[in-house]
Amino acid sequence: MLWSDPDDEPPEELRETQAMLRRAGVLVALAMFVVMLLLGLR
């Protein structure tokens, strides 16, 4: 890699968006689990 090559790391807002999507995915999975649990208890 040359010293003039740009950094490989993504820009700040892209990293924030990826983190937000990851958190949203965890929340959706947790919500689905709770719904399945509630439906199973009926």
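Using a 4.5 Å cut-off between side-chain heavy atoms of Ile, Leu, Val, Met, Phe, Trp and Tyr, V34 falls into a hydrophobic cluster with L38. Counting side-chain heavy-atom gaps under 4.5 Å among Ile, Leu, Val, Met, Phe, Trp and Tyr, the cluster of M32 also holds V28.
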Residues 14-23 side chain polar contacts: donor-acceptor under 3.5 Å, at least two apart:
{"unit_1": "R15", "atom_1": "NE", "unit_2": "P10", "atom_2": "O", "d": "3.3"}
{"unit_1": "R15", "atom_1": "NH2", "unit_2": "E12", "atom_2": "OE1", "d": "3.1"}
{"unit_1": "T17", "atom_1": "OG1", "unit_2": "E13", "atom_2": "O", "d": "2.8"}

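Exactly one of L41, V35, L37 qualifies for a side-chain contact (heavy atoms from CB on, under 4.5 Å) with L39. That residue is V35.
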